[in-house]
Structures are given as C-alpha cells and as structure tokens.
There are 2 protein chains.
Amino acid sequence: MPGQRSIAEAERLAAARLGGIPVRHDQMAVVANIYRAASAVRQHLENSVLRGVDLTWTAFVVLWVIWIWGESETRHVAEEAGISKGTLTGVARTLESRGLVQRADHPTDGRLVLLSLTDEGEQLMQRLFPAFNEEESFVTGQLSDADCQTVAEGLRRVVLQVEENGEKRRQDLLGGAAPAPRRSGRRKA
Amino acid sequence: MPGQRSIAEAERLAAARLGGIPVRHDQMAVVANIYRAASAVRQHLENSVLRGVDLTWTAFVVLWVIWIWGESETRHVAEEAGISKGTLTGVARTLESRGLVQRADHPTDGRLVLLSLTDEGEQLMQRLFPAFNEEESFVTGQLSDADCQTVAEGLRRVVLQVEENGEKRRQDLLGGAAPAPRRSGRRKA
DNA sequence: ATCGTATAATTTGGGCCCGAACAATTCTCA
DNA sequence: TGAGAATTGTTCGGGCCCAAATTATACGAT
C-alpha cells in the first residue's frame, strides 16, 4: 500500500508534467483517496475476518445483501451488491456449492430466480457480522463519530452525483456518437 | 447502482436483525460508502474517458504511475498502483503489447525490470489526463473545494490507519495462530 | 569459491469482473 | 390471439486479482 507522501508527491509531479494545463487538485485527491481507501479496507477485511472462512469480499457482500433483505430476486442482489448480473451468477454458484445460499424459482414469474440463505449461511452471518463491524471500526479508528458522518456524507454525494447525472454526462461527452464497444467480450456467434 | 435510500434501509434492517448486538453505525456507513463511491467512480471513468481508448481502470492507473514517476522498477509501480506484483506482470504485458509501455533490464541488478512509457504512451497520457481530471471534477461536483479537502483528509486517515496498524491488528486477531491459507491458489508441485 | 539467504519478477490456480450475446418468459397492443 | 417488444438470468470471451510456488540474480559469510 503506497504511503500518503506519494500522493502529495504525485500531485506535484503531475502538475509539473502538465505544464500550463490547470489541474483540479482537490477533486483529484478525493478520487485518488477513495480508491486507495477502498483497496486498503478491502485488503484488511479479506485478510482478517474473511480469510478464516474462505470468503472473498464480493462473496461476503452478496451474503450480506441476502441476509439483510431476505429472499431476493437476483437482479436486486446484483444491484445492491454493486456487481453485474453476470458476475452474480458466478458468485451465487460458488456460494450455493458451499451450502450457504439456495436458489428457488419465482412462484408466478418464470424468468426470476430467488436467492436466500441456508441455515448454515444464516448462522455464518450471525457469527461473522459482529467481527466484520469490529474491523470497520478499526479501519476508521482515526476518525471520530462526527468525522465518520462527515466523510460518509461527502461520499454519499459522490455516489449520488454519478447515479443521478452520470448517464447524461456520458452521453454528452460522446456528443451523439455511439459508445465505443468493449474490445474484449463475447462476439456474435 | 444502488440508491442511498437502500444504505439507510440496510442499516436499519441490520440493526433489527442483530437484536441486542451493538452496531457501530457511523463506522459501517463510512466503509459502505467508500466501497460504493469507489465502484461508482470507477464505473463512470471506465465508461466515459477510458472506454474510447480501450483502457481498464487498472491499466490507466499503471500508465499514470509510470507517467508521473518516469521509468520505474516494477515493484515500485505495483506498490504505487495498489496491485500485486503478479497482477502487474499481466497488466504490463497487455500494455506492452499495445505499444504503450516498454520494459528494460536494470543496468546493474539483473533481477530488476524497468518500465517506461513509449512515445505513444506519453502522447496518450498527455491527451487523456485532462479528460480524466475533468471527470474527477464531475464526480465530485456536489462537493465544494473545502468539502473535497475534508473528505480526502478523512480517507487519508483510513488509509494511514490500515497501513500503519493493519498488520499488527491482523496478527492480534489471530492470537498467534498461523494465518489461514487461501483455499484457491497455486499448490506445491 | 561456494554455500546459504534475501530479494526480484514470473508463473500458476482458482476466482471475480464486465458487458455483449443468448435463451426463456412475460408483457403489450393491434 | 398472436406477433413483436421488453425483461430476466445465463453463457462466454478477454482481462484483472491475489498469494503461493517457482526461478533467477545478488550478496554475505565462511
């Protein structure tokens, strides 16, 4: 994990490298630190409470979503966990094979699949969540409760900005042109 | 992308589900929002400025690091980019095949490999960075400069806490036991 | 000079990740 | 009622991700 010194240094070097072009430093610092913090927190959680039960961060988040919301349609779980439908299919398969999650057909809509925790999955989350929250407290240990609220609120605004205005923004950037297709990915048969 | 309403709702449901067990809400909210913001920002950047030049977020970060720091040893690039050495090997290979990065042997230490941008890579970054920074400004558009500084500073403390105390913390949690090995991964031949 | 020991990058296995293509089902409306 | 549009979950190709194992090099001490 890179030290903080390097962020300031990188910003200085970047400014030098850009010459006359203006750089929004404060905004750059927010994005850089969001990314660093996310990596650091994920790494810590995976190597502390999750490692022992052989769960990845994503697998835990999926379990968490199903635990909190109860039996749910997969599209809802994917949305809430912040992963694509395709990714969820794979993660759910893994969790199902581990006996933590079970799938069921929707009673009236044949397109839907419902996910729920098994008893074992339920017990695991009961046991795991307090330990997880304990580490959430550890990583935020240098922040007061008020600091936490301030930071969380700032991050909420970032999320909200992207959620509410991101799509329009991306369209405007393209100026009516069709979005570039991914070079990787499935091709027509 | 899940709405903010669901975070508050999830916290409420989580509290209910945990019954008597105390939950550190503010700390939970910070971690949850760090992760959401990181996903949202990455998604927006990949689907706006990066998509057109067929770069992933990680590939861009690696280019950025080499651009800012100049020719660098791979271990330094990996550290600074926040990815493992093994991952960097693959990403560097991709970038090399695209003609954006070149590798060179270290003049005196045969173990080291140096990475630098090609002319094409240099030109790409000159062109790309302003657009990238523009989107960093967009995603933080609901925050004032002062807000940005506050949020960045809070996140810095989270990173610092994990960097400085994370390893000890993880050892303490294990209580002297050997860390659980990953179930996945390479096995002895 | 040679034998460990330390450190570098790479390889490798299992898994996550996206988004386009696809198959199955439901909805819509003429 | 029936054909097309819409929506769901799955498949799939290319790529990232980690950490352990491996290989190669450097260096210190005999």
Side-chain angles (χ1 to χ4, degrees), chain A residues 1 38-39 42-43 45-47 50-51 54-62 72-79 81-98 103-115 178-189, chain B residues 1 38-39 42-43 45-47 50-51 54-62 72-79 81-98 103-115 178-189:
Chain A
M1 199 61 54
S39 300
R42 178 174 177 150
Q43 192 104 356
L45 267 297
E46 285 192 338
N47 286 330
L50 297 183
R51 189 64 158 286
D54 196 36
L55 286 179
T56 62
W57 172 275
T58 301
F60 175 81
V61 171
V62 167
S72 306
E73 303 166 8
T74 65
R75 60 180 170 166
H76 178 226
V77 174
E79 167 94 354
I83 59 179
S84 71
K85 296 181 304 170
T87 299
L88 178 61
T89 297
V91 175
R93 203 198 319 276
T94 299
L95 292 172
E96 194 182 10
S97 76
R98 301 256 318 262
R103 53 178 66 220
D105 294 336
H106 190 281
T108 66
D109 190 331
R111 293 168 301 180
L112 303 178
V113 173
L114 299 172
L115 298 178
R182 266 203 163 201
R183 215 91 75 188
S184 75
R186 192 171 181 176
R187 303 270 178 278
K188 268 179 194 163
Chain B
M1 198 61 55
S39 300
R42 178 175 178 151
Q43 193 104 356
L45 266 297
E46 285 192 338
N47 287 331
L50 298 183
R51 184 66 90 75
D54 197 36
L55 286 178
T56 62
W57 172 275
T58 300
F60 175 80
V61 170
V62 167
S72 306
E73 302 167 9
T74 64
R75 58 181 169 165
H76 179 226
V77 175
E79 166 93 354
I83 59 179
S84 70
K85 294 182 304 169
T87 299
L88 178 61
T89 296
V91 175
R93 204 197 320 276
T94 300
L95 292 172
E96 195 183 10
S97 76
R98 301 257 316 261
R103 53 179 66 219
D105 294 337
H106 189 280
T108 65
D109 191 330
R111 292 168 302 180
L112 302 178
V113 173
L114 299 172
L115 297 178
R182 267 201 163 200
R183 214 92 76 188
S184 75
R186 193 171 181 176
R187 302 273 178 274
K188 268 179 194 161

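Proteins get letters first, then strands, A, B, ... in listed order; numbering begins at 1 in each. The structure presented is a predicted model; accordingly, all values stated were derived computationally and were not measured.
- In this structure, OG1 in A:T56 is found 7.0 Å from CZ in A:R42, a value given to the nearest 0.5 Å.
- A:F60 contributes atom CZ, which lies 8.0 Å from atom CG of A:L55 (distance to the nearest 0.5 angstrom).
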Pull out every protein N or O sitting under 3.5 Å from an N or O of nucleotides 1-3 of chain D, one pair per line with the distance.
none

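- Among residues two or more places apart in sequence or in another chain, the salt bridge (charged side-chain N to carboxylate O under 4.0 Å, His left out) test is passed with A:R51 by none.
- Rounded to whole Å, the distance from CG on A:L115 to P on D:dT10 is 8 Å.
- The number of heavy atoms from other shown groups lying within 6.0 Å of CG (A:D109) is above 12.
- Nearest-nucleotide assignment on DNA chain C puts the 5′-proximal partner with B:L112, out of B:L112 and A:T58.
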Tell me which donor-acceptor pairs under 3.5 Å the side chains of residues 86-95 of chain A have, and how far apart each pair is, sequence neighbours excluded?
unit_1 : atom_1 : unit_2 : atom_2 : d
A:T87  : OG1    : A:S84  : OG     : 3.1
A:T89  : OG1    : A:K85  : O      : 3.3
A:T94  : OG1    : A:G90  : O      : 3.2

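- Applying the 4.0 Å criterion to OP1 and OP2 of C:dA8, one finds that B:T74 has every side-chain N and O outside that range.
- For the helix from C:dA1-D:dT30 to C:dA30-D:dT1, the terminal axes (five pairs an end, C1' atoms, rotation from four pairs onto the next four) enclose an angle of 10°, given to 10 degrees.
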Task: Summary of protein contacts for nucleotides 19-29 of chain D, nucleotide by nucleotide, where a base hit scores B, a sugar-phosphate-only hit scores S (4.0 Å, heavy atoms) - done: BBBS--BS---
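- In this structure, the side chain of B:E46 engages the main chain of B:W57 through a donor-acceptor pair within 3.5 Å.
- Distance CD (B:E73) to C1' (C:dA8): 9 Å, rounded to an integer number of Å.
- DNA chain C is contacted by A:T94 of residues 88-98 of chain A, taking any non-hydrogen atom closer than 4.0 Å.
- One atom, CZ of B:R42, and another, P of C:dC16, lie 16 Å apart when rounded to the nearest Å.
- Minimum interatomic distance between B:D54 and B:R98 (heavy atoms only, all atoms of both residues): O-NH1, 2.8 Å.
- Here the side chains of B:I83 and B:T58 are in contact, with some heavy-atom distance below 4.5 Å.
- How far NE2 of A:H76 is from CD of A:E79: 7.5 Å, rounded to the nearest 0.5 Å.
- Interatomic distance, NE2 of B:H106 versus CG of B:L114, reported as 5.5 Å (0.5 Å rounding).
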